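In what follows, a single structure is set out as structure tokens and then discussed.
All of these numbers come straight from a predicted model, not from anything done at the bench. All values below come from the heavy atoms of this structure, side chains included, with hydrogens, waters and symmetry mates left out.
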Number of protein chains: 2
Amino acid sequence: MKTYREENYLKAVYQLANHDKSKTVSPTDIANWLEVKPPTVLEKLAILVKKGYVTYNKFDGARLTTTGKDIALNIVRRHRIWETYLYKELKFSWSEVHEIAEQLEHINSDKLIDRIYDVIGNPDFDPHGDPIPNKQGKLPKSDRRPLSQSIKGCKCVVLGVSEHSEVFLNYLTELKIGLNDKLIVEQINAYDDSLKLSTKTKEHILMSAKAAQQILVQCIKPNCACK
Amino acid sequence: MKTYREENYLKAVYQLANHDKSKTVSPTDIANWLEVKPPTVLEKLAILVKKGYVTYNKFDGARLTTTGKDIALNIVRRHRIWETYLYKELKFSWSEVHEIAEQLEHINSDKLIDRIYDVIGNPDFDPHGDPIPNKQGKLPKSDRRPLSQSIKGCKCVVLGVSEHSEVFLNYLTELKIGLNDKLIVEQINAYDDSLKLSTKTKEHILMSAKAAQQILVQCIKPNCACK
DNA sequence: TAATAAAATTAGGTTAACCTAACTATTTAA
DNA sequence: TTAAATAGTTAGGTTAACCTAATTTTATTA
């Protein structure tokens, strides 16, 4: 039996591991993420280890086993499907969908998920550009990297954002930058790495390196030297 | 803070009280309904009494206070809105909606409920004909009573069912009797109280008293002597 | 590298929500 | 009307999920 708490612990491990792949997932990280105290996490980790969902030791931190990852990906799937549904079908805004999806993701009905996934047209990506795992837990391929890694002259398409905060999303809306928009990097300021961009609708957009790090793009300029 | 368990206890008291208004709601009734043991119920009742949601004593059983009733009716509201939504928008069948709505009713987002209530067209009744309480916990008026109380010659409109089991609903579907259908009572068998009915599409339908007790109707024959 | 800070861990405690077993009070029925 | 059955209650126990405080490890930095 998987309770919603157990699901949340597994999802936390998954998300923390993916957020920074170079770092191990420590009990303290999980505790901060879930807003509980480290001893609570240790206790739960022991249970998850016993159930075969994670491995844990002080040096490698917590890692999901294959089974654990399957469960985590299924919750991520449900979350992203609900977010898309709330956004597209029920006309919720960017900033509202996450919190409600956090609750809805724990509703236990495959048929319901299948049904709403059909209604939204079986997309591969949610409205943030995040990939929706399939039923087998496989993520659709997408070659995304931060806009900040672009070089001058690069032409990219916006495929997502790595920050989901309201203030950031509103900032993008103001700049009229949205999913699937094409950006041309006109200039990169060598001093602070800020960018000058142009889009179809707007030219000479100035953007800080900080913001550019949160925008995920794919280069579509043939033979571009960008990484 | 209202947990989903607390919500379920209050809903149970509400439903048991409404199911048989002449009977008090005993700890054992609640225990059977929620599939827990009586001591568990007693314990929870003490908490609910302390919180001011119910009153309890051995002789009157459990009764909801005004506050408790407001909470219970809000859950009933959410449940019936979700059932209608699942049925009408997501094309779930009669027999599937209840179980999923049992989970969805605990999702805490007034905005979500408002949104889906709008989508289904702000109806007063759910697909079982059960009234949907408004936000203030007021039930829409409906004058319903069992078909079994009809007399010969009575003409009634079907406004609901008091049994929601799959087998019963399938039986009605077979007889082509649905919500808002009109029935004429041709004959009542004095021996076993079985009825002979006719509808627009079918004549001489035989129905047991048992089934007729579960169908809720309103008489639409002017000056009918039925009760 | 020794002192300090931070993280991991252990020990022990709380609360909610469940349980069984035993007992008491109330009904029901012989 | 008394014995048997049923319902209500109390006592005491378990587990999950949290906690704080104290201790041990590990990492950082002066």
Side-chain angles (χ1 to χ4, degrees), chain A residues 1-13 15-17 19-20 22-64 68 71-72 75 102-103 105-106 108, chain B residues 1-13 15-17 19-20 22-64 68 71-72 75 102-103 105-106 108:
Chain A
M1 171 134 306
K2 296 161 298 177
T3 65
Y4 77 93
R5 277 173 228 252
E6 201 151 295
E7 291 182 338
N8 280 342
Y9 274 97
L10 295 174
K11 194 178 59 152
V13 175
Q15 287 173 329
L16 289 166
H19 185 261
D20 184 348
S22 61
K23 224 187 129 298
T24 64
V25 178
S26 71
T28 306
D29 293 338
I30 301 172
N32 292 334
W33 187 257
L34 295 178
E35 297 183 292
V36 295
K37 302 294 174 192
T40 306
V41 173
L42 257 321
E43 194 174 65
K44 191 67 186 173
L45 278 180
I47 292 166
L48 295 174
V49 166
K50 196 168 289 169
K51 289 196 176 181
Y53 298 154
V54 299
T55 60
Y56 172 70
N57 67 58
K58 200 184 302 193
F59 305 106
D60 302 326
R63 291 170 193 272
L64 294 170
I71 298 169
I75 302 155
E102 282 288 301
Q103 296 185 60
E105 70 189 9
H106 301 294
N108 180 27
Chain B
M1 172 134 304
K2 295 160 298 179
T3 64
Y4 77 94
R5 278 173 227 251
E6 201 150 295
E7 291 182 337
N8 279 343
Y9 275 96
L10 294 174
K11 193 177 59 151
V13 176
Q15 287 173 330
L16 290 166
H19 186 262
D20 184 348
S22 61
K23 224 186 128 301
T24 64
V25 178
S26 72
T28 306
D29 293 338
I30 301 172
N32 291 334
W33 186 258
L34 295 178
E35 296 183 294
V36 296
K37 302 294 173 191
T40 306
V41 173
L42 257 321
E43 195 173 65
K44 191 65 187 175
L45 278 180
I47 293 166
L48 295 175
V49 166
K50 197 168 288 169
K51 289 197 176 181
Y53 298 156
V54 298
T55 59
Y56 173 69
N57 66 59
K58 199 187 300 192
F59 305 105
D60 303 326
R63 292 171 192 270
L64 294 171
I71 298 169
I75 302 154
E102 282 289 300
Q103 295 185 60
E105 70 188 10
H106 301 293
N108 180 27

If I take atom [atom1] in residue [X] and atom [atom2] in nucleotide [N], what distance separates them, rounded to the nearest angstrom?
X     : N      : atom1 : atom2 : result
A:L45 : C:dA8  : CG    : P     : 11 Å
B:L42 : C:dT20 : CG    : C1'   : 15 Å
B:D60 : C:dT26 : CG    : C1'   : 15 Å
A:W33 : C:dA7  : CH2   : P     : 17 Å

Handout entry: Partners passing side chain to side chain contact (heavy atoms under 4.5 Å, CB included) against A:T55 (at least two apart in sequence or in another chain)
Key = A:R63, A:T65

Handout entry: Partners meeting side chain to side chain contact (heavy atoms under 4.5 Å, CB included) with A:P38 (sequence neighbours left out)
Key =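 By the side chain to side chain contact (heavy atoms under 4.5 Å, CB included) rule, A:P38 matches A:T28, A:A31.
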
Handout entry: Counterpart residues, side-chain hydrogen bond (donor to acceptor under 3.5 Å, both in side chains), relative to B:S26 (two or more places apart)
Key = B:D29

Look for any protein N or O under 3.5 Å of an N or O in nucleotides 15-19 of chain C and output each such pair with its distance, or none.
residue: C:dA17; atom: OP2; partner: B:K44; partner atom: NZ; Å: 2.7
residue: C:dA17; atom: O3'; partner: B:R5; partner atom: NH1; Å: 3.0
residue: C:dC18; atom: OP1; partner: B:R5; partner atom: NH1; Å: 2.9
residue: C:dC18; atom: OP2; partner: B:Y9; partner atom: OH; Å: 3.3
residue: C:dC18; atom: N4; partner: B:E43; partner atom: OE1; Å: 3.3
residue: C:dC18; atom: N4; partner: B:E43; partner atom: OE2; Å: 3.0
residue: C:dC19; atom: OP2; partner: B:K37; partner atom: N; Å: 2.8
residue: C:dC19; atom: OP2; partner: B:T40; partner atom: OG1; Å: 2.7

Problem - Short side-chain N/O contact to D:dT25 OP1/OP2 from A:K58, under 4.0 Å - result: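 Checking D:dT25 against A:K58, no side-chain N or O comes under 4.0 Å of OP1 or OP2.
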
Problem - Gap between atom OH of A:Y4 and atom CD of A:Q103 - 0.5 Å precision - result: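 If I round to the nearest 0.5 Å, the distance is 10.0 Å.
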
Exercise for the section: Measure the spacing between CG of B:L48 and OH of B:Y9 and express it to the nearest 0.5 Å. Expected result: 8.5 Å

Problem - B:T3 side chain near B:E6 side chain, heavy-atom distance below 4.5 Å - result: yes

Handout entry: Close residues, residues 24-32 of chain B, relative to DNA chain C [heavy-atom separation under 4.0 Å]
Key =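 Listed by number, there are none.
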
Handout entry: Closest contact, heavy atoms only, B:A62 versus B:V13
Key = O-CG1, 4.0 Å

Handout entry: A:E102: partners by salt bridge (Lys or Arg N to Asp or Glu O under 4.0 Å), with sequence neighbours left out
Key = A:K11

